[in-house]
2 protein chains.
Amino acid sequence: MTLTERQMMILRAIVRDYTNSGVPVGSKALAQQLPIHVSSATIRNEMATLESSGLIKKTHSSSGRVPSIKGYRFYVDHLIQPDPVRQNDINLIQSSLGSDFHKIDDIISQSANILSNLTSYTAFTLPPELQESRLSGFRLVPLGKRQVMAILVTDDGNVQNRAFDVPEGITADQLEPVVRLINDQLVGHTLPDVLARLNTDIPVEVSHYVTSPEGFLAIFGDVLRKAAQERFYIGGRLNVLNYSDDQDVDSLKSLYQLLDTNDDLADIIGKPSNQMQVRIGNEITNDVLKNYSLITATYDVDQHGQGMIAILGPTRMQYSRVIGLVDAFREELAKKLLDYYQHYGE
Amino acid sequence: MTLTERQMMILRAIVRDYTNSGVPVGSKALAQQLPIHVSSATIRNEMATLESSGLIKKTHSSSGRVPSIKGYRFYVDHLIQPDPVRQNDINLIQSSLGSDFHKIDDIISQSANILSNLTSYTAFTLPPELQESRLSGFRLVPLGKRQVMAILVTDDGNVQNRAFDVPEGITADQLEPVVRLINDQLVGHTLPDVLARLNTDIPVEVSHYVTSPEGFLAIFGDVLRKAAQERFYIGGRLNVLNYSDDQDVDSLKSLYQLLDTNDDLADIIGKPSNQMQVRIGNEITNDVLKNYSLITATYDVDQHGQGMIAILGPTRMQYSRVIGLVDAFREELAKKLLDYYQHYGE
DNA sequence: CTTAGCACTTGAACCTTATGAGTGCTAAAA
DNA sequence: TTTTAGCACTCATAAGGTTCAAGTGCTAAG
C-alpha cells in the first residue's frame, strides 16, 4: 500500500485526534487543523480514498471517520511520532523507583503500578528471565507432628514454600543430611541446571542417606518448578473501567477473569523478542482482547537476562504517548535493576 | 415500635419480594400472595402505616414500596426466617473443602471462593485468630554478597520472609548462633509471647553472641509482626459488577479500591464478637459501603480460637438465603479446620 | 374496619420532530 | 487534472409528546 504524503498526513491526524477525543473526525476539523491549505472537500476526497484502502471507516453513513485496525497498524508502523516524555514523568519514575527494595519482585511489582498510573491503562511487568536466577538455599522447618515446611530461596529474592507430610518410614531428622547435600551441591547454580541434575546425579547421591528419596525429591522439584514459573504483576486493573466504557458487563467480566489467570496472560504476552511490539485488536490471539491493544516491550539487564513490560488499553489507545512512556520506562527500569544487582549480586 | 401481626406479615412479604425481584412491591401483588383474604385497599392502608413508621418507602409518588434501611433492620431483627440450605449446597461445600490442604490459609482462601459462589455476592474470610498461632521456625538463607533472607514459619503454615543487608561489623556466620537461640528458645510459643520476649530477655541472651544485635532483632521483629498481621481473603470480587448494576463507575472504582486495601477492610469487618451480625447501608461506618450490606459471622475452632467470614452484597441482599448459607458454612468450616488441626497439630 | 370505585401520578416505552455534523456528488474554477 | 463551492442527503442525538400500565390516596358505602 502506497499513500501520498498528504494522505499520510491526514491519516496521522485522524488517528491522533480520534485517540485523543474518542469522537469520529470530520473533514472540516481536519481542513482547519492541517498545515496545508486545502478545502474540506479536498480532504473528503482523500478520506474516500483512505476508506477504500480500508485504513479508516465510518461509524454510520454520514459520520466522521475512525481508524480501522489496519489504519492503526499503518499508523504505528509508518506514521507514529512518539511523544517526548515530560520531565515530570521522568521524575515520577525515578522517584518511585528510588527507594530501597529488598527483592527484585518488589521493584517489578512497583513498576506495574507506576506504568499504569502514567498511562492510565493496565500494565503488566515480568522480572528478568528466570534462566539466570540461581538457587540460594533450601531449608526445612518442622510444623507439627509429621508435617514439614520446605522453603526455597533464589538469589533474586524469590521465596517459595510448600508444606508436606513426611513420608512414612522417614523421620524429619533423616532429611537433614539431604538438605545439607542440596545446599552444598546445588546452591549457586541456575534453576534450569538444578532441575536437570534432579533427574541425573542427585537421586543417586541422596540415596546414600535415605532409602526411598523419591517422595521427598518430588517435593523439592515441586517447589523448584514453582520458583521457576513465570511470575508477573498487574497494575491498574481498575483503569479497565475507564477505557472500556462502552463495553457490556459480560465482556468486562471475561476481561477481569482473564486478568486473574496468569497462565493465559503469560501466553498472550509471550517471551522477550522484539524491543517493542504493538498488537492491535484481533491481532491478539485471544477473543476477549479483540477490542483492545497490547504493547509489549523488553528491557535488558546485561548478563541477568531480559524482562518484559506491557500495556493493555483500548484499540484507540494513545499510541504515541504510551510508546514514548514505555520506552523511557524500559531504560529507567533497566538502570534500577543493574544498580540492584551491582549492590547485592555476587 | 410495635406492629400488628398483619403489618409484620406485609413487611416480611415486601422484603422477600423486593430482595428477590428488585422491583418495588405493590398492594395488588401482596393481596394475591398473602395467606389472609383482604383487598388491596386494606393492604394499601397498612402500607401507609408502615410508611409513616419509616419502614418502607416509595421510589416515586405512585410507585410500589421498597424497604427502607430501617425496614430491613426490623426484618432482620424480628421477621427473618432463614432459608433451609439445600442438600446440594451442603454437598458443594463439603466437596470443595474435601481435598487435602497444606496450609490453613489455603482452606481459608478456598472458603472465600466457595462462599462467593454460593451467594453470588462478595465473600471475605479470616483465619482463626493469630493469638493462638505459634512460631515453628526461623531460618536465614544467604542471598548475595552481604544480603540475607530471613524466613519465619508459624504452625498454621504461614511463611513470611524479608531480605536484609547484614549490618556492617557482623558476618552472616556470626548470626548462626542467634538463629539457633531463637529456634531453641522461642519455637512453640505463640506469636504475642514471642513478641513480648523480644523486648525483655531475648536481647540480653543474644548479646552474648553478637555485640550489637539491635539491627538484626529489628528485622526479626519485623517479620514476626508481618506474620502476626491480620490476613484475609476475598472471593467474588467480580460479583460486584452484578449486584451494584445501577451504580456509577466512580463508586464502583472506590469500592474496588476499598477491596484492595486490606487494612481498611479489616477495620470494617472488625473482630470476632457476635455469632452473626448484619450491618445494613449506612450502619456500616464507611461511606463507600453506604449502599451495601455486610453480614459477618464467627466460627469456632475450639482452643485454636475464632475466625470470621463475611458477605458483602447490596442492601437488597437476599438476607434469608444468605444467612442460612453463612450459618451452614460456619459449621462446615469449623469441622474442616478441627480435622486439619487434629491431623497436623501437636 | 373493610372495600369498591375513582381520580390522579409517574416511569417506561414509543413516536415525532428539529438540529447539526458530516457525507458524496456535480459542475465550475484553477 | 486537481481543487473547491454548493447542495441534497443521511443519521445520531436530544427534546418534546403520547400512550400505557402499575400503582397510589381518598371517599363513601358496606
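Just so you know, these numbers use all the heavy atoms, side chains as well, and skip hydrogens, waters and symmetry mates. Chain letters run A, B, ... following the sequence lines, proteins first, then strands; residues in each count from 1.
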- Are the side chains of B:Phe74 and B:Leu11 in touch, meaning some heavy atoms are under 4.5 Å apart? yes

Listing time: all N or O pairs from protein to nucleotides 13-16 of chain C that are below 3.5 Å?
none

- Could you tell me whether B:Tyr121 and B:Tyr243 have their ring centroids closer than 6.0 angstrom? yes

- Query: For residues 10-30 of chain B, which residues have at least one heavy atom under 4.0 Å from DNA chain D?
  - Reply: B:Gly26, B:Ser27

- Interface residues of residues 43-54 of chain A with DNA chain D (non-hydrogen, below 4.0 angstrom): A:Arg44, A:Asn45

- Task: Describe, in one word, how the ring planes of A:Tyr319 and A:Tyr72 are oriented to each other, choosing from parallel (under 30°), tilted (30 to 60°) and perpendicular (over 60°).
- Result: tilted

- Going by heavy atoms in the side chains, are B:Val85 and B:Phe329 under 4.5 Å from each other? no

- For B:Asp327, salt bridge (charged side-chain N to carboxylate O under 4.0 Å, His left out) partners two or more places apart: B:Arg330

- Task: Scan residues 17-26 of chain A for pairs that pass side chain to side chain donor-acceptor pair (under 3.5 Å), counting only residues two or more places apart or in two chains.
- Result: A:Asp17-A:Gln33

- For the pair made of CD in B:Glu5 and C1' in C:dC1, what is the distance, rounded to whole Å? 18 Å

- Message: Side-chain N or O of A:Arg6 versus OP1/OP2 of D:dT2: is the shortest distance under 4.0 Å?
- Response: no

- Note on the structure: Of the candidates C:dT23, D:dG25, C:dA4, the side chain of B:Lys58 sits closest to D:dG25

- Item | Minimum-distance nucleotide to B:Arg65 side chain [options: D:dT3, C:dA4, D:dG25] | D:dG25

- Task: Any chance you could lay out the salt bridge (Lys or Arg N to Asp or Glu O under 4.0 Å) test for A:Arg86 and A:Asp89, step after step, and finish with the verdict?
- Result: CA-CA 5 Å; A:Arg86 293 177 312 170; A:Asp89 290 341; 3.1 Å; yes

- Scan A:Glu46, A:Arg44, A:Arg65, A:Gln32 and name whichever one has a side-chain hydrogen bond (donor to acceptor under 3.5 Å, both in side chains) with A:Ser27. A:Arg44

- Message: Minimum heavy-atom separation for B:Met276 and B:Val326, please, with both atom names.
- Response: CE-CG1, 4.0 Å

Could I get a table of every N or O pair under 3.5 Å where one atom is in the protein and the other is in nucleotides 8-16 of chain D?
{"unit_1": "D:dT10", "atom_1": "O3'", "unit_2": "A:Ser61", "atom_2": "OG", "d": "2.7"}
{"unit_1": "D:dT10", "atom_1": "O2", "unit_2": "A:Ser62", "atom_2": "OG", "d": "2.4"}
{"unit_1": "D:dC11", "atom_1": "OP1", "unit_2": "A:Ser61", "atom_2": "OG", "d": "3.2"}
{"unit_1": "D:dC11", "atom_1": "O4'", "unit_2": "A:Ser62", "atom_2": "OG", "d": "3.4"}
{"unit_1": "D:dC11", "atom_1": "O3'", "unit_2": "A:His60", "atom_2": "ND1", "d": "3.3"}

- Message: Using side-chain heavy atoms (C-beta onward) and a distance below 4.5 Å, is B:Leu252 in contact with B:Ser244?
- Response: yes

- Measure from CD on A:Gln32 to P on D:dT4 and round the result to the nearest Å. 14 Å

- Here the distance between atom C1' of C:dT3 and atom NE2 of B:His37, to the nearest Å, is 15 Å

- Query: Is there side-chain contact between A:Arg279 and A:Leu289, with at least one heavy-atom pair below 4.5 Å?
  - Reply: no

- Passes side-chain contact (heavy atoms from CB on, under 4.5 Å), A:Ile234 versus A:Leu265? Steps please. CA-CA 10 Å; A:Ile234 307 182; A:Leu265 264 185; 3.8 Å; yes

- What is the minimum heavy-atom distance between B:Gly236 and B:Ser116, and which atoms define it? N-OG, 3.3 Å

